Amino acid sequence: NLMRLDFPDHALLELWNSSVHNLRRRIEMYSTDIFTSTISAFSGRKNYKKDGDTLSERWAGVDDANLINGAIQIGVLNKKAGQALDMINWMRNHASPAHDSDDSVTKEDVLGLAILLQNNLFNLPIPDPAHSPVALLDPIKSQILMISL
């Protein structure tokens with residue numbers, strides 16, 4: 001609807017918000033422990049709050065760049081989708097109406113990035129919790145293991 005009303009810059013922001021929300025859910029389904037371990041050496045904010053009540057609260061302390069790069073590192077996001085998200089992040093910071101720029105966001109920009117993300121993020125299945133590291137590691141963390149000799 002935003003594209004039909006000729007608001008490509010706002011459509012880009014909604015594409016960004018949807019993508020980031022989807023990516024955060026994917027990481028939580030896969031393993032936040034592995035994710036936080038992976039980004040521990042990264043610079044910037046990397047404080048995932050396990051006890052947050054909402055998705056936004058849990059992820060408020062993690063930089064967008066760390067979210068994207070960490071997701072690529074653990075295999076939850078492929079590199080094409082990562083590059084598309086990096087491009088959207090750049091565009092919303094440098095080519096949006098909020099910033100003085102000669103390079104404004106066009107419908108074609110948004111459509112190209114939307115197609116890339118549709119094929120490389122949104123259409124891919126969310127990790128199955130039964131096959132994720134969380135499902136394997138939680139029983140080990142929460143139960144006393146008996147070793148027989």
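Keep in mind the model is a prediction, meaning the values are calculated, not measured.
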* **Side-chain donor/acceptor of Asn123 to backbone N/O of Gln118, under 3.5 Å** => yes
* Can Asp86 and Lys79 be counted as an ion pair, charged N to O under 4.0 angstrom? -> no
* Structure fact -> Separation between CG (Leu13) and CG (Leu2), nearest 0.5 Å, reads 9.5 Å
* To do: Please tell me if the side chains of Trp59 and Val20 come closer than 4.5 Å, counting only heavy atoms from C-beta onward.
  => no
* **Cluster check Ile68, Leu124: I/L/V/M/F/W/Y, side chain < 4.5 angstrom** => no
* Structure fact -> Between Asp64 and Arg24 the two heavy atoms that sit nearest each other are OD1-NH2, 4.3 Å
* **Residue pair Val110 / Lys107, side-chain heavy-atom distance below 4.5 Å** => no
* Asked: Out of curiosity, Ile88 CD1 to Asn93 CG, how far, rounded to the nearest 0.5 Å?
  -> 12.0 Å
* Asked: Between Leu77 and Leu85, is a side-chain contact (heavy atoms from CB on, under 4.5 Å) present by the stated rule, with each step listed?
  -> CA-CA 10 Å; Leu77 182 69; Leu85 290 172; 4.0 Å; yes
* Pairwise distance NE2(His21) to CG(Asn17) - rounded to 0.5 angstrom -> 10.0 Å
* **Leu121 reachable from Ile115 in the ILVMFWY side-chain graph, under 4.5 Å edges** => no
* To do: Kindly give the heavy-atom pair with the smallest separation between Ala71 and Leu23, and that separation in Å.
  => CB-CD1, 3.6 Å
* Structure fact -> To the nearest 0.5 Å, atom CG of Asn66 lies from atom CD of Gln73 at 11.0 Å
* Would you find a donor on one side and an acceptor on the other, under 3.5 Å apart, between the side chain of Asn78 and the backbone of Lys80? -> yes
* Minimum side-chain heavy-atom gap Glu28-Leu55 below 4.5 Å -> yes
* Stepwise side-chain contact (heavy atoms from CB on, under 4.5 Å) test for Asp33 and Lys50 -> CA-CA 10 Å; Asp33 290 336; Lys50 286 185 180 199; 2.5 Å; yes
* Asked: Would Leu117 and Leu111 show up in the same hydrophobic cluster when neighbours are defined by side-chain heavy atoms closer than 4.5 Å?
  -> yes
* To do: With side-chain contact (heavy atoms from CB on, under 4.5 Å) as the test, would you mind laying out the steps for Lys46 and Thr36 before giving the verdict?
  => CA-CA 7 Å; Lys46 50 195 167 207; Thr36 55; over 6 Å; no
* Kindly work out whether a path of hydrophobic side-chain contacts (I/L/V/M/F/W/Y, heavy atoms less than 4.5 Å apart) joins Leu113 to Phe7. => no
* To do: Can you measure from OG1 (Thr38) to CD1 (Ile72) and round to the nearest 0.5 angstrom?
  => 12.0 Å
* Can you tell if the side chain of Phe35 reaches within under 4.5 Å of the side chain of Tyr48, non-hydrogen atoms only? -> no
* For the hydrophobic clusters of this structure (ILVMFWY residues joined by side-chain heavy atoms under 4.5 Å, transitively), does one cluster hold both Met3 and Leu5? -> no
* Between Arg58 (side chain) and Lys49 (backbone), is there a donor-acceptor pair under 3.5 Å? -> no
* To do: Applying side-chain contact (heavy atoms from CB on, under 4.5 Å), run through Val62 and Arg45 and close with a yes or a no.
  => CA-CA 5 Å; Val62 179; Arg45 294 180 306 123; 5.9 Å; no
* May I ask you to decide if Leu15's main-chain N or O and Ser18's side chain share a donor-acceptor pair within less than 3.5 Å? => no
* Would you say Asp109 and Met91 make side-chain contact, with heavy atoms under 4.5 Å? -> yes
* Atom pair NE2/OG of His94 and Ser104 - distance to nearest 0.5 Å -> 15.0 Å
